[in-house]
2 protein chains.
Amino acid sequence: MATLKDVAALAGVSVKTVSNVVNGYAFVKPENRRRVEEALSATGYRPNLGARNLRRGRTGFVALVLPELVVPYFAELAGLVLGAAQEHEWNVLIEQTLGTREGERDTLASLGPHMIDGAIVSPEALQARDFGELAPGIPVVMLGEHSVDLPIDHVGIDNVEAARVAVAHLVGLGRTRIAAIGAHPHRGTAAQRLEGYRLALAEAGLPVRDELVATALNYHRRDGAEAMARLLTAAEPPDAVFCFNDLLAVGAVRAAAERGVRVPSDLAVVGFDNTEEGAYSLPSLTTVAPDKAAIARAAVDLLRRRVDDPERAPEHVRTPFSLEVRESTRGGA
Amino acid sequence: MATLKDVAALAGVSVKTVSNVVNGYAFVKPENRRRVEEALSATGYRPNLGARNLRRGRTGFVALVLPELVVPYFAELAGLVLGAAQEHEWNVLIEQTLGTREGERDTLASLGPHMIDGAIVSPEALQARDFGELAPGIPVVMLGEHSVDLPIDHVGIDNVEAARVAVAHLVGLGRTRIAAIGAHPHRGTAAQRLEGYRLALAEAGLPVRDELVATALNYHRRDGAEAMARLLTAAEPPDAVFCFNDLLAVGAVRAAAERGVRVPSDLAVVGFDNTEEGAYSLPSLTTVAPDKAAIARAAVDLLRRRVDDPERAPEHVRTPFSLEVRESTRGGA
DNA sequence: CGGCCGCTTTACAACGTTGTATCAACGATG
DNA sequence: CATCGTTGATACAACGTTGTAAAGCGGCCG
C-alpha cells in the first residue's frame with residue numbers, strides 16, 4: 001500500500017509537498033503538482049485515514065446506537081441516518097443494545113473517546129437518563145425520548161400529541177372501548193403515548209379503563225399478539241386499539257384474526273411508526289407517520305453542529321408527523 | 001483525555017511499562033503493576049484505538065456492505081452479523097449500496113485499504129464480479145451469490161435446490177399453473193432461483209410458460225404487487241406463485257386480495273427468506289428459510305480466518321435451509 | 001571472581017499523516 | 001541597491017501507541 005513517502009520519492013519532492021497536493025493547498029508549482037498527481041495515480045495512493053485521524057483528532061465515524069435492527073422502524077431509520085451521514089462524509093457504526101445496558105456501556109466506553117466523533121442514540125428504557133455519565137465528553141444526539149432535563153441535543157416528534165391525534169381518530173369513528181397496547185414501566189415514549197391516549201379519551205368524555213391498557217415489555221409482533229389475545233378475553237372486549245408501534249399492531253391484527261374478530265369492523269386498529277410493512281399488511285394499517293427522513297437529517301445536522309461547537313446550548317428539534325389513515329380504521333363499525 | 005504518558009508520569013514509570021501492564025505482559029514487578037493500575041483507574045485511561053491500530057496495522061472494524069437496510073432480510077442479517085462480529089471483537093460499519101455501484105466504489109475504495117480489516121459483502125447485480133478489482137487486497141467474504149469462478153470466500157445456501165424444493169411443494173399441492181416473481185437480468189441469485197423453478201416444473205412434467213415468469217427489478221413489496229397484478233391479467237392466471245423473496249410475496253398477496261383472489265384457495269404463495277413479517281402476515285407466508293444465524297456466523301468466521309491467513313484457499317460454505325410451510329399454501333382448493 | 005542467564009525496565013524508533021517553523025528564490029517597492 | 005512580501009518547498013516534530021534492542025540488576029555456576 002503506497003504512502004506519502006512512496007509518492008514523494010517517485011515524484012522527486014518532499015513528503016509535505018505531496019500532502020499539500022492531496023489536501024488541495026494552493027501554492028504548489030504547476031510543474032510539481034503535475035508530477036505529484038502523476039505519481040499519485042501511478043501508485044494508486046489512498047490516504048491512510050487512521051493516521052490522518054490520529055493527527056487531526058477526528059475520526060470520520062459516528063456511532064448509531066439503537067435497540068435492534070430487526071425492528072423495521074429502526075432499520076428504516078438507520079438507512080436514512082446512513083444516507084444523511086454520508087453527506088457529512090461520516091461513516092456510520094451501528095451498535096445494537098438489545099436492551100442490555102452492560103454490553104452497550106462497554107462498547108461505547110472503549111470506542112467512545114477516540115474512535116467516534118459522536119453518537120446518535122435511540123435510547124431504550126433507562127438508558128436516556130444515565131447516558132451522560134456513560135459517555136463523558138462524547139457529542140451525543142438523542143432520538144425519540146424527550147427529556148428536557150437532560151442537557152443533550154434531542155430530536156423527536158411530540159409523542160403526546162401524536163398519540164392524542166391517533167386516539168381521537170378512533171373516537172371520531174364512534175368507538176368507545178378503545179384499548180392501548182404498549183404501556184411500559186421504563187420507557188419514556190411509552191409514558192408519553194399513554195398520556196396522549198388518556199388525553200384523547202378525556203376529551204371525548206370516555207373513561208380510562210385499566211383493563212384496556214395492555215403492557216408490552218418488548219415491541220415485537222409477538223408481544224402485540226399476546227396483548228391482544230389478553231384484551232379479547234375481557235368481558236367486554238375493545239372495539240378499537242391503539243398500538244404504540246406498527247409491530248404491536250401487526251401482532252394485534254393477527255391475534256384478532258385468529259379469534260374471528262374482524263378488522264376494522266369489529267376492531268379498529270391504529271399503529272405507530274408508518275413502517276412499510278403496515279402499508280402492505282391486510283388490512284393496511286392506519287398509523288402515526290413520523291417524518292423519519294426529517295428525524296435522520298435533523299439528528300445528523302445537530303450532531304455536526306455539536307461537534308463543531310461543543311459549547312453550544314443543547315437544542316430540542318421537534319419533527320413533524322401525520323396520521324396515515326388506511327384500511328384498519330376505514331369503513332366497518 | 002489521559003494518555004499512556006500521563007499515566008506513566010503519575011505512576012513514576014516509563015510509558016512502555018504502562019503499555020505492558022495494559023497489554024497484560026507477564027514480567028512486571030508486582031509493586032509497579034500495582035502503582036500503574038492505580039494510576040490507570042485514577043486517570044480513567046482509555047487506550048486510543050486509532051493510535052493503537054496505526055501501530056498494529058489492524059483497525060478492529062469490518063464493513064458490512066449490503067443493498068438496503070429497509071429490506072427486512074438484510075436488517076435481520078445485519079443484526080446477526082453485528083452479534084457474530086462482537087464475539088470477534090470487531091465493530092461493524094454498515095454501508096448501503098442502494099443498487100448504485102459508484103458511491104459504493106468510492107466509499108469502499110477510500111475506506112478500504114486502511115480503516116477496515118475486511119468486508120462482508122452481499123452483492124447486488126454485477127457487483128459480485130468486479131469486486132475483486134474494486135477492493136484490491138481487502139479480505140472479503142461474499143454472501144448469497146455463489147460464483148465459483150471467483151477466488152473469494154463465500155457463504156450461502158443452495159439457491160437452485162431451495163427454489164426447487166419450494167416449487168416442488170407447490171406442485172405437491174396439485175397446482176399446475178405455477179408462476180414465478182423475481183426474474184432479474186443481472187442478479188445471480190435470481191438466475192439460480194429461476195433455475196430451481198424450472199427444474200421443479202420439469203420434474204413434474206409441467207411446461208415452463210414465459211408469461212408466468214415475472215421480472216422484478218427491485219425486490220420490494222411494490223414490485224411484487226405490480227408483478228402479481230400483471231400475472232393476474234393473463235388469460236389463464238396462475239394458481240400458485242413462487243416469489244424470490246418475502247417482500248415480493250407480501251406484495252403479491254396484497255395485489256391478489258385487492259382483486260378478490262383468495263390465498264391460498266385461488267392462489268398459493270411461497271416466499272423466500274423467512275422474515276418475521278411473513279410469519280405474521282395474513283395469511284402467514286410459506287417460505288424458504290435460510291439459517292440466517294448460520295450465515296452470519298460463517299461469514300464472520302470465514303473473514304476472521306482470511307484476515308489471519310490471507311494466503312489460504314478460498315472456501316465456499318453452504319449453509320442449511322428449510323421450507324416453512326404456513327397458511328399461504330395450507331388448505332384451500 | 002568473571003561470565004552468563006533470567007527478570008525488569010527503559011530509550012528509541014516507527015506506524016502515516018499534518019502543523020509549524022524555516023529557508024530560498026523572486027519580484028516589487030522605497 | 002537594500003528591504004520586504006509573496007510564493008514555493010522542506011525539515012522536523014508531533015498525534016499515541018507498540019516492537020525492538022539494549023541495559024541494569026541480581027543470582028548462579030564454573
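On a predicted model such as this, the values are computed, not experimentally measured, just so you know. The sequence lines fix the lettering, A, B, ..., with proteins before strands; numbering per chain opens at 1.
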Kindly give the atom pairs (protein nitrogen or oxygen, nucleotide nitrogen or oxygen) under 3.5 Å for nucleotides 10-14 of chain D.
unit_1	atom_1	unit_2	atom_2	d
D:dT10	OP2	A:Ser14	N	2.9
D:dT10	OP2	A:Ser14	OG	3.1
D:dT10	OP2	A:Thr17	OG1	2.7
D:dA14	N3	A:Arg55	NH1	3.2

Are the aromatic ring centres of B:Tyr73 and B:Tyr219 under 6.0 angstrom apart? no

Of B:Arg56 and B:Tyr25, the one whose nearest nucleotide on DNA chain C sits closer to the 5' end is B:Tyr25

For A:Glu31, is there an ion pair with A:Arg34 - N to carboxylate O distance below 4.0 angstrom?
yes

Here the gap from B:Leu77 atom CG to B:Leu82 atom CG, rounded to the nearest 0.5 Å, amounts to 10.5 Å

The reported gap from NE2 in A:His88 to CG in A:Asp301 (rounded to nearest 0.5 angstrom) is 4.5 Å

B:Arg46 atom CZ is separated from D:dT17 atom P, nearest whole Å, by 12 Å

| message | Students often get this wrong, so: under 4.0 angstrom with heavy atoms, is A:Asn53 touching a base, only sugar-phosphate, or nothing? | response | nothing

Per nearest nucleotide of DNA chain C, the residue lying toward the 5' end, B:Arg33 or A:Ala51, is B:Arg33

In whole angstroms, the gap separating C1' of C:dG16 from OH of A:Tyr45 amounts to 7 Å

Rounded to whole Å, the CZ-C1' distance (A:Phe27 to D:dG8) equals 9 Å

Rounded to the nearest 0.5 angstrom, the CG-CD distance for B:Leu80 and A:Gln96 is 8.0 Å

- Query: Does a side-chain N or O from B:Ser19 land closer than 4.0 Å to OP1 or OP2 of D:dT18, or not?
  - Reply: yes

Whole-Å distance, B:Leu54 CG to C:dT17 P, equals 9 Å

note: B:Lys29, atom NZ; D:dG24, atom C1'; distance rounded to Å ~ 11 Å

Value for CG (B:Leu54) from CG (B:Asn48), rounded to nearest 0.5 Å, stands at 9.5 Å

Handout entry: Criterion salt bridge (Lys or Arg N to Asp or Glu O under 4.0 Å) on B:Arg58 and B:Asp308, from CA distance to verdict
Key = CA-CA 11 Å; B:Arg58 292 228 178 138; B:Asp308 289 346; 3.6 Å; yes

Here the distance between atom C1' of C:dG19 and atom CZ of A:Arg52, to the nearest Å, is 14 Å

In whole angstroms, the gap separating C1' of C:dT17 from CG of A:Asn48 amounts to 8 Å

To the nearest angstrom, the CE-C1' distance between B:Met115 and C:dC15 comes to 14 Å

